[in-house]
2 protein chains.
Amino acid sequence: MDLSERKLKILQAIVSDFITTSEPVGSRTLSKRPDIDLSPATIRNEMSDLEEMGYLTHPHTSAGRVPSDKAYRLYVDQLMKGSDLPAENKQEISQRLHKDADELDQTVEHAAQLLSEMTNLVSFAITPNRSESKINYINFLPVDEGTVVLMIVCEDGKVTNSAIRMNSPYTEENLTLMSKVMTHNFKGRAVSSVLTDNITSMFESDMQALSSLAGSVVPSFMKTLEKMLNVDLYMDGYSNIFRLPEYSDIAKAQNFLETVTNKEQFTNVLVNRENGLAITIGDENSEDLKDFALITADYKVNGKLVGRLGVIGPKRMKYGEVTSVIKYITDNLSQTFEMEAPAEAGEAKALPEEASDNDK
Amino acid sequence: MDLSERKLKILQAIVSDFITTSEPVGSRTLSKRPDIDLSPATIRNEMSDLEEMGYLTHPHTSAGRVPSDKAYRLYVDQLMKGSDLPAENKQEISQRLHKDADELDQTVEHAAQLLSEMTNLVSFAITPNRSESKINYINFLPVDEGTVVLMIVCEDGKVTNSAIRMNSPYTEENLTLMSKVMTHNFKGRAVSSVLTDNITSMFESDMQALSSLAGSVVPSFMKTLEKMLNVDLYMDGYSNIFRLPEYSDIAKAQNFLETVTNKEQFTNVLVNRENGLAITIGDENSEDLKDFALITADYKVNGKLVGRLGVIGPKRMKYGEVTSVIKYITDNLSQTFEMEAPAEAGEAKALPEEASDNDK
DNA sequence: TGTTAGCACTCCAAGTGTTCGAGTGCTAAC
DNA sequence: GTTAGCACTCGAACACTTGGAGTGCTAACA
């Protein structure tokens with residue numbers, strides 16, 4: 001049996017009704033809708049069919065129907081009408097994203113904030129992954145007798161640095177030499193590819209003079225490269241969940257919050273999602289997210305690097321509206337980051353002694 | 001009327017009972033305690049006095065007594081017995097804090113995590129404020145035709161950088177010169193003091209050759225200095241609040257979460273607390289925190305810079321235990337950061353063209 | 001043959017009444 | 001000053017009732 005026009009219409013009505021009210025919808029309620037001109041009895045028959053086909057479920061005998069994951073999927077794929085954002089929202093988005101747009105991190109954080117405000121859901125955003133970014137140069141800066149700062153700069157402009165505790169004494173000449181040799185060796189190579197190299201052998205062949213330093217430097221270098229791969233995760237709107245009736249049950253709210261505040265695990269989920277606009281509902285997610293729906297979309301930095309932004313909430317979600325907001329924000333972000341090369345700035349700790357020497 | 005030995009004992013019993021059970025305590029319950037050898041009636045009389053003196057309240061006629069803020073304060077100041085941490089906890093703390101201790105940020109984050117695990121409360125930690133740190137050197141790195149990276153390094157080792165969009169073209173010589181002049185001008189001065197300077201005038205007098213660049217550089221320089229003053233806030237254990245009976249009321253949980261996830265406001269509260277170990281209870285806090293108790297303590301980096309760490313929870317809190325954990329962790333942190341100069345690393349974005357030139 | 005009215009049945013939510021226990025305050029006796 | 005006793009209060013828990021919203025089924029209708 002496949003879905004007749006009428007069944008689709010009924011299903012559509014049930015899903016959208018349930019999305020707004022979060023109450024199981026009954027045949028009488030439906031028959032009152034102006035767009036549905038059928039008696040409750042007829043609707044009951046259709047609903048019964050739809051239930052058999054797996055689109056609806058039944059909390060208990062005398063309750064209305066509730067959409068299944070399968071129904072949400074159908075709804076999102078076929079039935080949902082995409083809504084266009086009101087002009088004022090569009091304007092607010094552009095305004096707030098362009099203000100202070102010279103710091104990528106901050107702008108992305110603002111975007112997440114904005115998203116949670118506009119959707120009343122929990123939002124998140126991750127910064128782009130740099131594994132395929134190419135190294136531009138490597139620099140060692142003197143700090144104190146025992147410490148230097150290692151600084152790696154990518155072609156796309158990311159600067160990452162770490163302090164290194166040196167096991168053996170160094171001279172500034174050593175550092176300059178090391179900077180040059182390492183830059184020469186790695187310039188133009190992708191971070192991920194360098195990470196799989198056998199760096200120590202390079203030290204043996206090229207840098208005999210420096211081999212005593214290699215022991216301190218190589219592990220830090222690898223660690224710094226790994227650090228470059230980290231993406232930052234911003235989340236916002238945690239307390240929004242309390243507005244949703246599905247989380248008036250404390251245990252559910254707790255479960256949600258626990259899932260969502262496990263940053264490491266959550267980042268992992270986000271990083272591994274499909275590119276572009278991705279909507280996953282219920283059991284399409286991993287086990288721990290099976291009660292939720294996620295919508296994500298990508299933004300681009302300089303037309304290349306890809307970050308991601310989205311929301312998580314109950315399966316009963318205003319897919320149309322939320323999707324529009326997310327798309328509008330990601331498009332806006334991409335546009336913002338395309339025009340200029342925005343700054344993504346951070347900090348590093350070290351104790352330079354006479355660092356301006358480095359300029360001579 | 002002042003507090004007799006016996007009243008104190010009763011009050012102590014009430015507070016500690018209420019802290020563990022969160023139920024109003026009645027006279028019968030108290031009289032059953034082995035350390036209190038009085039009949040319920042006597043206890044009732046004493047409780048009645050204590051209520052009159054403002055130490056106890058009464059949810060309704062036939063309920064037990066509940067401690068007031070004043071009672072908690074007395075309890076913390078005089079009655080509470082500080083508990084010593086079990087050796088295994090101490091060991092766990094040292095172990096987990098010393099692992100990966102070369103990154104300050106990360107270690108501080110771990111400390112917050114640890115703290116929330118051990119106390120089952122919401123924990124937080126802020127990194128040290130650098131307003132009195134001295135500038136060590138300032139460096140401009142070439143990126144592309146329109147962009148350079150500004151990098152400011154403090155004596156205490158903090159490195160902060162931003163990308164600057166240049167309004168007019170620059171040469172590498174310009175950058176080197178600018179690095180030198182600015183380093184010369186600001187080396188050894190505290191960040192906060194430089195922030196109050198009139199920098200533009202310096203450009204006019206010292207750097208005529210560079211004045212065309214000043215328009216782009218000065219605002220960014222100030223912004224970067226301000227960025228150095230930002231402290232990072234880490235929080236952990238949000239979902240712990242659901243274990244507490246006081247937050248089984250959804251509205252209260254929501255209120256708590258909203259208060260606590262307002263990072264900006266919360267950071268502000270933390271930064272302005274008293275130094276050392278600080279416990280504030282109920283109405284000793286600002287209006288929005290009046291239903292909570294906060295405990296914070298400081299840790300030191302290199303014996304000087306001061307960061308802060310603590311918990312927030314209901315006024316009914318195991319003050320003794322929690323204080324011990326916090327103190328042990330902050331002591332441990334201070335110790336960790338004293339031995340070595342730990343790395344606090346971050347990142348910056350820029351698009352260097354031929355940056356190794358900077359080394360020659 | 002598809003649609004609808006009618007009816008018996010189910011189940012939850014909300015309201016009501018009752019009971020029970022833990023608590024208080026007060027008074028009088030020790 | 002302390003305690004026992006007693007009347008009283010209040011909320012939590014439980015059972016019970018009721019009403020409404022819903023279903024499924026059957027039979028009648030177009």
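Worth knowing before you read on, the calculation uses all heavy atoms, side chains too, and leaves out hydrogens, waters and symmetry mates. Everything numeric here is computed off the predicted structure, so don't read it as measured data.
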Asks: Is there side-chain contact between B:M53 and B:L3, with heavy atoms separated by less than 4.5 Å?
Replies: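 Side-chain contact under 4.5 Å: yes.
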Asks: State which of D:dT2, C:dC12, C:dG6 makes the closest approach to the side chain of A:R44.
Replies: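 For A:R44, the side-chain atoms sit closest to C:dG6.
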Asks: May I ask you to test the A:N240-A:L121 pair for a side-chain heavy-atom distance under 4.5 Å?
Replies: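 Not in contact.
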Asks: Looking for any heavy atom pair under 4.0 Å, which part of the strands does B:A63 touch: base, sugar-phosphate only, or nothing?
Replies: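 B:A63: backbone/sugar contact only, no base atoms under 4.0 Å.
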Asks: Can you check the A:N45 CG to C:dT4 C1' distance for me, whole Å?
Replies: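 Going from CG in A:N45 over to C1' in C:dT4 covers 9 Å.
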Asks: Can you tell me how far C1' of D:dG1 sits from CZ of B:R6, to the nearest Å?
Replies: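 Interatomic distance, CZ of B:R6 to C1' of D:dG1: 8 Å.
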Asks: Atom CD1 of B:I43 and atom P of C:dG23: how far apart are they, to the nearest Å?
Replies: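 Result: 11 Å.
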Asks: Below the 4.0 Å mark, does C:dT3 have OP1 or OP2 next to a side-chain nitrogen or oxygen of A:T42?
Replies: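 No, no such contact exists.
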Asks: Given atom CD of B:E46 and atom P of D:dG1, what is their separation to the nearest angstrom?
Replies: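 After rounding, the gap between these two atoms is 11 Å.
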Asks: Rounded off to whole Å, could you give me the NE2-to-P distance for the B:H60 and C:dA22 pair?
Replies: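 Rounding to the nearest Å, NE2 of B:H60 and P of C:dA22 are 14 Å apart.
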Asks: Considering only heavy atoms, which members of residues 9-31 of chain A lie under 4.0 Å from some atom of DNA chain C?
Replies: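 Per residue number, the list is empty: none.
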Asks: Under a 4.5 Å cut-off applied to non-hydrogen side-chain atoms, are A:I295 and A:K327 in contact?
Replies: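 A:I295 does not reach A:K327 side chain to side chain.
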Asks: For A:S62 and C:dC11, is the shortest distance between a side-chain N/O and OP1 or OP2 below 4.0 Å?
Replies: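 No.
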Asks: Do A:F266 and A:M235 have side chains that approach each other closer than 4.5 Å (heavy atoms only, starting at C-beta)?
Replies: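 Of all side-chain heavy-atom pairs linking A:M235 with A:F266, at least one is under 4.5 Å.
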Asks: Could you state the atom-to-atom distance from CZ of A:R65 to C1' of D:dT23 in whole Å?
Replies: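 Value for this atom pair: 7 Å.
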Asks: Can you tell me the pairing partner of C:dT27 across any strand shown, Watson-Crick or G-U wobble, with both distances under 3.5 angstrom?
Replies: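 Because both required distances fall under 3.5 Å, C:dT27 counts as paired with D:dA4.
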Asks: Is the shortest side-chain heavy-atom distance between B:I19 and B:Y319 below 4.5 Å?
Replies: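 They are in contact (side-chain heavy atoms under 4.5 Å apart), so the answer is yes.
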Asks: Answer yes or no: does a side-chain N or O of B:T61 lie under 4.0 Å from OP1 or OP2 of C:dT24?
Replies: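 Looking at the OP1 and OP2 atoms of C:dT24, neither is under 4.0 Å from any side-chain N or O of B:T61.
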Asks: With a 4.5 Å limit on heavy-atom distance, are the side chains of B:L38 and B:I10 in contact?
Replies: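 Contact flag for B:L38/B:I10 side chains = yes.
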Asks: Is the closest side-chain heavy-atom distance between B:K252 and B:D291 below 4.5 Å?
Replies: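 The answer is no, as the side chains (C-beta and beyond) never meet within the 4.5 Å cut-off.
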Asks: What is the distance from CD1 of B:I36 to P of D:dT3, rounded to the nearest Å?
Replies: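 So the two atoms are 12 Å apart, to the nearest Å.
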Asks: Whole angstrom is fine here: how far is it from CE in A:M47 over to P in C:dT3?
Replies: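 For the pair A:M47 CE and C:dT3 P, the rounded distance is 15 Å.
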